[in-house]
Amino acid sequence: MAINNYSIDTRRTIDAEALFCFSHLRWDFVFQRPQHLMSRFAQDMPVFFIEEPHVLDEPPMLEVSERGENLYRCIPTIPPNTAPEVADNIIRGLVNGLVSKYRSRTYLNWFYSPMMVEWARDLRPAATVYDCMDELTGFRGAPPELRRREADLFDLADVVFTGGHSLYEAKRNAHRAVYEFPSSIDVAHFRGARSFNGKLPDQDGIARKRVGFAGVIDERLDIDLLSAIAELRPDMNFVMIGPVVKIDQNALPKRNNIHYLGARQYADLPNYMAGWDAAIMPFAMNEATKFISPTKTPEYLAAGLPVVSTPITDVVKPYGEMKLVEIASDPAAFVKGIDAAIEADAQARQRKVDSFLRHRSWDMTFKAMTDLIEPAIRRRKAPATKEVGAGAGYAAATT
């Protein structure tokens, strides 16, 4: 089982020589929570980002490619028609080989997908982290064994992080050390939208008013709501940026004032947002959105945009309650919310936004997480030490 050959740096701050991240989200897909955090870990130690397998008609191997200094994307390949349990065994062997090859004696295991827990069954990490950013059982096509594997991961994990408050409430009793870390923000990056005056040929030809959405277009988006608000407001143009995943593109509403621009690089998103008059989050109210904490909420706000959203729990609290985001449940209320958001005092809103966002950043989240991981490593080294109880959330983790 071959593994590509790469040399790596060996730096560290916390007591680990490397980090092995198991993710259902691909590194090159959309730049979000895993990329923000793993990029920061890679400043201090080698990070191996292990993705779901590719199916190829060739011997199994692990494709390793560099994605930045100290950052390595790892994709297992398995033959066609491989049974799931056989695939797990193959990939477990490849992962064992990866750890052995790079002589990582003290390392962290970091999981985004419980389905990958079997791949690390033979490993002996300094600590195991489960960063539960979504309730994956609510997503379309979720494997039936996902709940059982998540229970196995709770047994293995030393620390559990959740991607929002509602998810924290759902998981807090499943493990002794659960901490809430809602969506953070690279404020400086998105604040660039406030001063961008460049040209974007694919957007500049779309007349204003422009109302935008940037994110994955999947079963979490209420396409009927999008169609209805576009019909109600033919004077507005709705700009949709992002890849279409797990839904039929032919099912998307087709109207003259809805414009699908496709995926764009994370670096370019503020430039597109600079040309919008408002941003929208027309999420469906379903099992896939029950526990989400959309990262785009603080991103839109940092970009200087008024925002309208359906009543997603982690948007209503705190953003709706603080009057930072308009909340609407039906098409009429949604378009009314867009008008109200655009007409509101932009300077007053921005002062509130900037004050709020000072307390949320990926750097702060990263530091708070590592502060919780270090004692978990020490507890592993000294099993007799009294264990710390469950966390009370992000505020407790950062004070």
Side-chain angles (χ1 to χ4, degrees), residues 1-8 18-35 38-39 42 46-104 107 109-123 125 131 133-134 136-137 139-146 148-150 152-153 216-219 242-249 262-266:
M1 297 180 182
I3 301 174
N4 299 42
N5 190 31
Y6 280 92
S7 61
I8 60 174
L19 187 152
F20 296 89
C21 179
F22 298 83
S23 175
H24 60 292
L25 298 170
R26 298 200 181 277
W27 184 267
D28 293 336
F29 181 50
V30 176
F31 201 92
Q32 50 191 307
R33 184 183 181 100
Q35 288 84 350
M38 294 304 113
S39 294
V47 172
F48 299 91
F49 192 84
I50 303 167
E51 301 183 1
E52 292 184 335
H54 284 166
V55 178
L56 297 174
D57 193 10
E58 56 186 48
M61 67 171 294
L62 194 65
E63 297 179 356
V64 180
S65 57
E66 295 175 278
R67 285 298 182 270
E69 185 179 0
N70 244 10
L71 185 56
Y72 305 89
R73 181 192 189 200
C74 308
I75 307 179
T77 64
I78 57 175
N81 303 314
T82 303
E85 62 274 13
V86 176
D88 283 341
N89 289 335
I90 290 173
I91 298 171
R92 182 164 61 246
L94 292 170
V95 170
N96 291 346
L98 179 70
V99 176
S100 176
K101 182 178 181 64
Y102 292 113
R103 299 180 176 87
S104 301
Y107 53 87
N109 282 352
W110 189 290
F111 286 89
Y112 283 104
S113 171
M115 289 302 296
M116 297 175 171
V117 68
E118 290 298 323
W119 302 0
R121 186 64 72 180
D122 299 332
L123 303 186
D131 190 9
M133 62 179 284
D134 286 308
L136 297 179
T137 59
F139 282 46
R140 185 175 299 175
E145 64 270 29
L146 182 57
R148 176 180 59 79
R149 293 205 176 185
E150 184 178 61
D152 291 343
L153 183 52
V216 179
I217 299 172
D218 59 14
E219 77 263 32
V244 179
V245 179
K246 294 196 295 184
I247 59 174
D248 185 356
Q249 293 204 28
R264 292 295 182 270
Q265 294 296 317
Y266 176 77

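Everything numeric here is computed off the predicted structure, so don't read it as measured data.
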Handout entry: Stepwise side-chain contact (heavy atoms from CB on, under 4.5 Å) test for S39 and F31
Key = CA-CA 11 Å; S39 294; F31 201 92; 4.1 Å; yes
Practice task
Mind running side-chain contact (heavy atoms from CB on, under 4.5 Å) on I50 and V95 for me, showing each step along the way?
Solution key: CA-CA 9 Å; I50 303 167; V95 170; 4.3 Å; yes
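Classified by interplanar angle (parallel below 30°, tilted 30° to 60°, perpendicular above 60°), the ring pair Y112/W110 is tilted. Between Y107 and F20, the angle of the ring planes goes over 60°, which puts this pair in the perpendicular group of the 30/60° scheme. Under the 30°/60° scheme for interplanar angles, the aromatic rings of W27 and F49 are found to stand perpendicular.
We find that E51 and R73 are joined by a salt bridge, their nearest charged nitrogen and carboxylate oxygen being less than 4.0 Å apart. Ion pairing between a basic and an acidic side chain is recognised when a charged N comes within 4.0 Å of a carboxylate O; R149 and D88 show such pairing. With salt bridges taken as basic N to acidic carboxylate O contacts below 4.0 Å, one links E118 and R121.
More than 12 non-hydrogen atoms from other residues, nucleotides or ligands lie less than 6.0 angstrom from CG of D248. Counted within 6.0 Å of CD on E58, heavy atoms from surrounding residues, nucleotides or ligands total more than 12; the atom is thus considered enclosed.
A donor-acceptor distance shorter than 3.5 angstrom exists from the side chain of R26 to the backbone of E52, with no hydrogens or angles considered.
In this structure, the side chains of E66 and L71 stay at 4.5 Å or more apart for every pair of heavy atoms. Residues V30 and Y266 have side chains not in contact (no heavy-atom distance under 4.5 Å, counting atoms from C-beta outward). Within the 4.5 Å cutoff, no side-chain heavy atoms of D134 are placed close to those of R33. Annotation: side chain of F139 is in contact with side chain of K246 (closest heavy-atom distance under 4.5 Å). Contact annotation: the side chain of I91 never approaches that of L62 to less than 4.5 Å [non-hydrogen atoms, C-beta and beyond]. Residues L19 and P46 have side chains not in contact (no heavy-atom distance under 4.5 Å, counting atoms from C-beta outward). In this structure, the side chains of P243 and I217 stay at 4.5 Å or more apart for every pair of heavy atoms. Under the 4.5 Å side-chain criterion, counting only non-hydrogen atoms from C-beta, M133 is in contact with L25.
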Side chains of residues 76-84: which donor-acceptor pairs under 3.5 Å do they make with residues two or more places apart or in other chains?
residue, atom, partner, partner atom, Å
T77, OG1, M61, N, 3.1
T77, OG1, M61, O, 3.3
T82, OG1, P79, O, 2.6

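Atom CE of M115 and atom CG of D152 lie 10.5 Å apart (nearest 0.5 Å). Of the inter-residue distances, the one linking Y72 atom OH with F48 atom CZ reads 6.5 Å to the nearest 0.5 angstrom. The OG atom of S100 lies 11.0 Å from the CG atom of L123; values are rounded to the nearest 0.5 Å. Within the model, atoms CD1 of I247 and CG of D218 stand 6.5 Å from one another, a figure rounded to the nearest 0.5 Å. For the atom pair E145 CD and E85 CD, the distance stands at 10.0 Å (nearest 0.5 Å). Note that OG of S113 and CG of L146 are 7.0 Å apart. Values are rounded to the nearest 0.5 Å.
Scanning all heavy atoms of the two residues, the minimum distance from P114 to L153 falls at CA-CD2, 3.9 Å.
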